[in-house]
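What follows is a set of notes on a single structure, which appears directly below.
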Number of protein chains: 2
Amino acid sequence: MSGETNLQQWRFALAVARNGLSVTSAAQALGVSQPAISRALKALEHTLGFDLFVRQGRALTRVTPEGEQLLDAAQRAVAEFNSLTALAQDVAGDESGSLSLATTHTQARYVLPPVITEFRRHHPSVDLNLHQGTSEQIAEMVAADRVQLAIATGSEALFNDMVLLPVYRWHRQVVVPRKHPLTRSARLTLAQLAAFPLVTYVFSFSGQSSLQQIFARADLSPKIALTARDSDVIKTYVRLGLGVGIVASVALDPREDSDLVALDAAHLFPIHTTWVGFRRGTRLREHTYDFLAFFGPHLSRRLIDRASVDPTRIPELFRRLVLPVR
Amino acid sequence: MSGETNLQQWRFALAVARNGLSVTSAAQALGVSQPAISRALKALEHTLGFDLFVRQGRALTRVTPEGEQLLDAAQRAVAEFNSLTALAQDVAGDESGSLSLATTHTQARYVLPPVITEFRRHHPSVDLNLHQGTSEQIAEMVAADRVQLAIATGSEALFNDMVLLPVYRWHRQVVVPRKHPLTRSARLTLAQLAAFPLVTYVFSFSGQSSLQQIFARADLSPKIALTARDSDVIKTYVRLGLGVGIVASVALDPREDSDLVALDAAHLFPIHTTWVGFRRGTRLREHTYDFLAFFGPHLSRRLIDRASVDPTRIPELFRRLVLPVR
DNA sequence: GATATTTACGTCCGCCGTAACTATT
DNA sequence: AATAGTTACGGCGGACGTAAATATC
C-alpha cells in the first residue's frame, strides 16, 4: 500500500455502497459531481492495492470480500468523525445545522405536527427535513444515510444496526359514518366487522400479524373494499359509504372527523408501538435530543444514551416505562 | 462553526496536547515543520469558533474545558481511522510497516532477543523500533504516541487507558560470587541477606512494595552498597565483591554468568508480572499479533481481542491461565 | 539574547467541475 | 439512442516549507 487514504475517499466509497453501487446516485446524494466519486474511488483502490467493488465492464456489481471488511471499518471511522463534528458544534453552542427525518404518513400527518412546532420554536435556525414514505422507503433513506432519524411502527427487521426507541403505543379504531348499523353495537366483535366491506391500510393486510390472519383465525374472511396508503383516503371512502374503516387511533381528529363515529377496537387487534430510530454509533446533537424529548417525554438524554451504548438492553430499559397509549 | 475541520488538524492538535503542549516537539514527533502545526491549529480553532488551548502570550499553557471534550472525541476518531488503515494494510497482505515498542533494560537485554529474532524471521520487511527507558520514559513515549507497544513490569498506574496483558512472571534471585558465605546457606532468609551490603536496581528501593519495606517489616535495615539501573551493572559489581546482588531471575544467563552463584529468593520477595500494553482503541496489525504470540504463547489473537474490548475483564480472562515463571 | 511561536511568501500538489469520450444495454 | 462510468483539461484552494518577524523569558 503506497500513500495515504483520506476520509473523503471513504465517504465516497461508503456512499456508493449505500446507494445501490451507483456512482451517479452517490454523487447526487453527496452533492458532488460524478467524476469526483469515480476518480476518488479509483485512487482509493489504487492506494489500497486491491478493489473494493467488483466491476462488470464499467458497472459496479458487488462489494468484494475485502471491501466488506474495509467499508465496515470505514463506516466506524466516518461515524466517529461525524460524532466529533457534532460534538464540536454543540460545544460551540452552534444552533444551526439540520435535522432530517423520515416517517410514515400517519406520523407526519397526525402525530408530528405539534412536535415539529415545539421544536421549531426552540430551534428556529435548525433546518428541518421531513421525508415521508413507506417503511421500506424509510429504511432505504436510512441505509443511504439521507436521514438521521426514522420514525415508524413495526418493521423493526428492516432497520438493522439501528437504535430503535419505543415512543408510544396505539391501537386500531373502527370508523363508520353516523347511523351506520355498527354504531348500535355495544362492544364490537370480529364477526360483526366481517359482515361489512373493510377499508384499511395496504400494509395491514400483509405480513405476520396482519388483519387477514386475525380474521382468518376466527374463521372469518371479510371483504376488502379498498386498501389505501394513508388514513385520509380511508376516511374519505368511509364517508362515501364504501365500507367500514379500520385506522390507527392517532389518525382520528375529534373535530375534523366529527361526521364520523369511532368505535373502540382495542380488544380486537394487537397494540402497535411506534418507535424512533437512529444509526448506531451516531452522536446526537443537542437539538436532536430536544426533538426526541418533545416527541416522547420519557426519552431523556440519559435513557437515550444508555440505549445507544447497548441496544440489546432496550427492552429492559423501557420495561418499567409506561408508554402513552393514544 | 463555519467550514470543515479535517483529520489532519485534529492529529496535529492531539500531538500538541500529547507533547507537553509544545508545538515544536509535536512538529518533530510528526515530522512536519513547526509552522504547519501552528497554522493548522489556528485554522482549527477558528473554524470551531473557540479555543482548544489556553495561551499565555504565545505559549500554550493548558487545554481548555472544551478542548478536553473535543480532543477526547478526536482521539477516538483518529484511532478509528488508524485502525482502518491498519486493517487495509493487513487485508492488502502488505508486509511492510513498522512495529515500535518501548521497554526496560532487563526485557530488552534478556527477554526480547529471541522474540525479536523470531519476529524478524517471519516479518523481515517490518522495521522494528525498540526504545529502552525507565517506566516513566516508556509511559511518556506511549503518551506521545511514539510507540505502539509498551513492555514493563509493575507501574501499571502510569499506563492509563491502555490494555495491559500479563506475559510472564519472575522473581528475584540473589547472586553472589563463588565461595561467598551465603552459598553455604540451604534456604536464604532476609536476616542472612541483610548481613551483607546489597547491590540492586534503583527502582527496587522506591515505591509501594520496595525491598526497603520488605526488610523493614522484618525489622532489618540492610546496607545498600549500590543501586544501578540495569542488571549488567549489578552483576559487574557483584563480581567485584562490592556486595550481594538482587536481580530479576530472567537477568541471569547460566553460561555467561557461570562465574556467579544464583540463590533462590522466590520465598523472600513477591513475584512480579511483566506485561505488554497498547493503547485502547488501536487495531493491531497481523504482525503485531504475531509478535505478541512469540512473546507470550498464551497471547492468542482471540484472547487479545477479548481483552481489548473490555480491559476490566483482563484479570478474569487471565485467571485460568498459568503464566510461565522464569 | 535565546527560545518559541506567529506571520509572510512562494510553490506545489490534490481535488473539483465541465466537457469530451467510451463502453454497455 | 440512452445511460452510466472514465479520461482529459483547466482552475482553484489548501497545505507545506523556508525565511523573516515578533513576543517572552
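Order of the sequence lines fixes the chain letters, A, B, ..., with proteins taken first and strands second; residue numbering starts at 1 for each chain.
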- [ ] Could I get the full list of ring pair (Phe, Tyr, Trp, His ring centres under 6.0 Å) partners for B:Phe12, not counting sequence neighbours?
- [x] none
Task: Under the side chain to side chain donor-acceptor pair (under 3.5 Å) test, residues paired with B:Asp290 that sit two or more places apart - done: B:His123
Open item on the list: Suppose we screen for ring pair (Phe, Tyr, Trp, His ring centres under 6.0 Å). Which residues come up paired with A:His122, at least two apart in sequence or across chains?
Closed with: A:Phe294
Task: salt bridge (charged side-chain N to carboxylate O under 4.0 Å, His left out) partners for A:Glu45, two or more places apart - done: A:Arg55
Task: Protein-nucleotide distance (B:Arg11, atom CZ; D:dC16, atom C1'), rounded to Å - done: 15 Å
Task: nucleotides 3-15 of chain C: protein proximity per nucleotide (B base, S sugar-phosphate only, - neither; heavy atom, under 4.0 Å) - done: -SBBB-------S
Task: Interatomic distance, A:His46 NE2 vs D:dT6 P [rounded to whole Å] - done: 15 Å
TODO: Check ring pair (Phe, Tyr, Trp, His ring centres under 6.0 Å) between A:Phe53 and all other residues, then give those that pass, not counting sequence neighbours.
DONE: none
Task: Of A:Ser33 and A:Gly57, the one whose closest DNA chain C nucleotide lies more 5' - done: A:Ser33
